[in-house]
Amino acid sequence: MLLAYCTTKAQFTLSGQLRTRTEVRNGLGNLVLKGSKPAVFTSQRTRLNFGYKWDRLTFGVAVQDVRVWGQDASSISNADGNRLMLHEGWADLTLFNVADTTIKAKGIDLMSLKVGRQELIYDDVRLIGNLDWLQQARRHDMALMKTVHKGWQIDIGYAFNQNTDAFGYTGTGYVPSNVPAYVKNSLGTLVPTPAGMLPMATAGSASNNSSKTGAPVWMNPPTTNGGNQDYKSFASLYISKKIKQTKFSALFFNDNFGKYKLDSAGSDATGYVYGRRFVSSGASDAFNYKGTNQRYTYGLMINQTIGNASGFGKIAFQGAFYAQSGKNRDGVKMKEAYHYALSATYQKGKISVTPGYEFLSGNDATTATDEKFDPLYGTPHRHWGYMDYFYVGTGSPAGGLKNPYLKVKYTGTALTAGVDFHLFSIDKNMKKADGSFIGKDLGNELDFLLNYNMNKFTNIELGYSIMNATGSMAIAKGQATTDAAAANYRKTGNWFYAMLRFTPDFFYTKPVAIKQ
């Protein structure tokens, strides 16, 4: 009797994801004021992935809906908003394929052009990642030429953003897609944000009146989290090569930000909205909105593994160095902005231990150049503490970051457990309102994580984190400018979450044994 197995070769794929995350926040991302109560809520991401594959064409669509439970009434109206969106929609056309004899073009092992809205992920999502931890995740509208030849991977990407294709729209000015729809004008009246403009208010707060000397009002600050569509265009180059147990990867990323001028809309009688104008206000507006501030990020990462986990043990080394030059979003020249990371993971059986060190340069309070490294469009949650105090939507210290850490992890068949310890301090001096410097030590963070695969399509994850901050944290994060104001904030933050993840494959069928 012989047994054979048959499986269905599917050209269509259809899978889903329902991810709920219940959180208890009491100091996540930023310190909270003394006397404040914990926030409790459940958010949900529902995603449907559809794919089709032919010999020379792959097609993918990911539609997702993100909501907080109770955010909508049980019977909603159009005014409640629409959170259903296209997360991904792309086509990947094969141009060269050495394994396909029907393609006459030769000389390259594999080359394809992927066009459309898509995730972009490189290495350990340090600088370029899909930010999957965030329910909204991250995607780019772009074209990506992908090449694999003799073990080399070479990707060339390009994106060009625009706000509208309306008739009568002229020029190529672009307003970052992170601007609130309504703001307070100089008289405190809530008005629609003028077209083509990023509004400004005192301290950049939407709750303050518009101010000529204020800071930009964003829905999310243009950090690695909220700044996804802050750029007008970008060009990228990623190259990697693996030689035995060593992988080299190089990244070049040129993101360009639209130039702007200070402007206002309104009158003395109705009030003014002050802001940065990115799009021409009319024929009499001679400002060059076509111009961009060009920033360059470049660097190298090396991963090397020696040993074997079942023998003496396996050691995985990682080293990375990246630098930035050119001009930042506001046209300020970047100088000596850099980031490096070193780590070594020792694994023996199911236990691994990782000591490491991260450094991101910051701005010196006495210089006019921008020396602060911006970790681009990656996934900060994975690298600088799970409580998201750094390089996410709550902003990060202007003085940069130093982060030695130690991570211990157990990886079983279905269960994974880990604990991480981080120390945080700033790189450069930061000043208080009185001109004195703050202490550089920011505090430490302890993260506990438990992850269990209940079955092929169901996973549960539990997390608990504690932030023990110093008096410098609130000032470094821009929450306070004096010691007296900083003393109003708690120095300890806590965060707990429970996440359920369901990922069904609707075309999945178990292999069937056939008797012959």
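- Sequence neighbours left out, the pairs with a member in residues 489-505 that pass salt bridge (Lys or Arg N to Asp or Glu O under 4.0 Å) are Glu461-Arg501.
- Separation of the Tyr377 and Phe253 ring centroids falls under the 6.0 Å cut-off.
- Using a 4.5 Å heavy-atom threshold, the side chains of Leu376 and Thr297 count as touching.
- Ring orientation note: the planes of Tyr357 and Tyr340 are tilted relative to one another, at an angle of 30° to 60°.
- A donor and an acceptor atom, one from each side chain of Thr305 and Gln245, are nowhere located under 3.5 Å apart.
- For Tyr497 and Trp495, the distance between ring centers is under 6.0 angstrom.
- By the 30° and 60° cut-offs, the orientation of the rings of His381 relative to Tyr386 is parallel.
- The aromatic rings of Tyr464 and Phe448 lie parallel to each other, their planes meeting at an angle below 30°, with 60° marking the opposite boundary.
- With salt bridges taken as basic N to acidic carboxylate O contacts below 4.0 Å, one links Arg45 and Asp132.
- For the pair Asp123 and Lys247, the salt-bridge criterion is met [side-chain N within less than 4.0 Å of a carboxylate O].
- Taking the six-membered ring for Trp, Phe390 and Phe424 have ring centres closer than 6.0 Å.
- Listed by first and then second residue, the salt bridge (Lys or Arg N to Asp or Glu O under 4.0 Å) pairs involving residues 438-454 amount to none (not counting sequence neighbours).
- Using bins of under 30°, 30° to 60° and over 60° for the plane-to-plane angle, the ring pair His140/Tyr231 lands in the parallel bin.
- In this structure, the side chain to side chain donor-acceptor pair (under 3.5 Å) partners of Asp124, at least two apart in sequence or on a different chain, are Arg126, Gln318.
- Among residues two or more places apart in sequence or in another chain, the side chain to side chain donor-acceptor pair (under 3.5 Å) test is passed with Trp152 by none.
- Between the Arg139 side chain and the Arg117 main chain, no donor and acceptor come within less than 3.5 Å of each other.
- Centroid-to-centroid, the aromatic rings of Tyr391 and Trp384 come within less than 6.0 Å.
- A distance-only check finds a donor-acceptor pair linking the side chain of Gln118 to the backbone of Gly116 [under 3.5 Å].
- Partners of Glu119 according to the side chain to side chain donor-acceptor pair (under 3.5 Å) rule, which considers only residues two or more places apart in sequence or in another chain, are His87, Asn130.
- Nearest approach of Gln135 to Ser43, heavy atoms of both residues: NE2-OG, 3.0 Å.
- Neither side chain, Asn26 nor Asn494, offers a donor N or O lying under 3.5 Å from an acceptor on the other.
- A salt bridge is absent between Asp374 and Lys372; no separation between the charged side-chain nitrogens and carboxylate oxygens falls under 4.0 Å.
- Distance alone, capped at 3.5 Å, places no donor-acceptor pair between the Ser112 side chain and the Thr94 backbone.
- A 6.0 Å sphere centred on NZ of Lys150 holds no more than 12 heavy atoms belonging to other residues, nucleotides or ligands.
- Using a cutoff of 4.0 Å between basic side-chain nitrogens and carboxylate oxygens, Lys335 and Asp370 are not scored as salt-bridged.
- A search for side chain to side chain contact (heavy atoms under 4.5 Å, CB included) contacts involving Tyr298 returns Phe252, Tyr296, Ala323, Ser325, not counting sequence neighbours.
- Between Phe373 and Tyr338, the distance from one ring center to the other does not fall under 6.0 angstrom.
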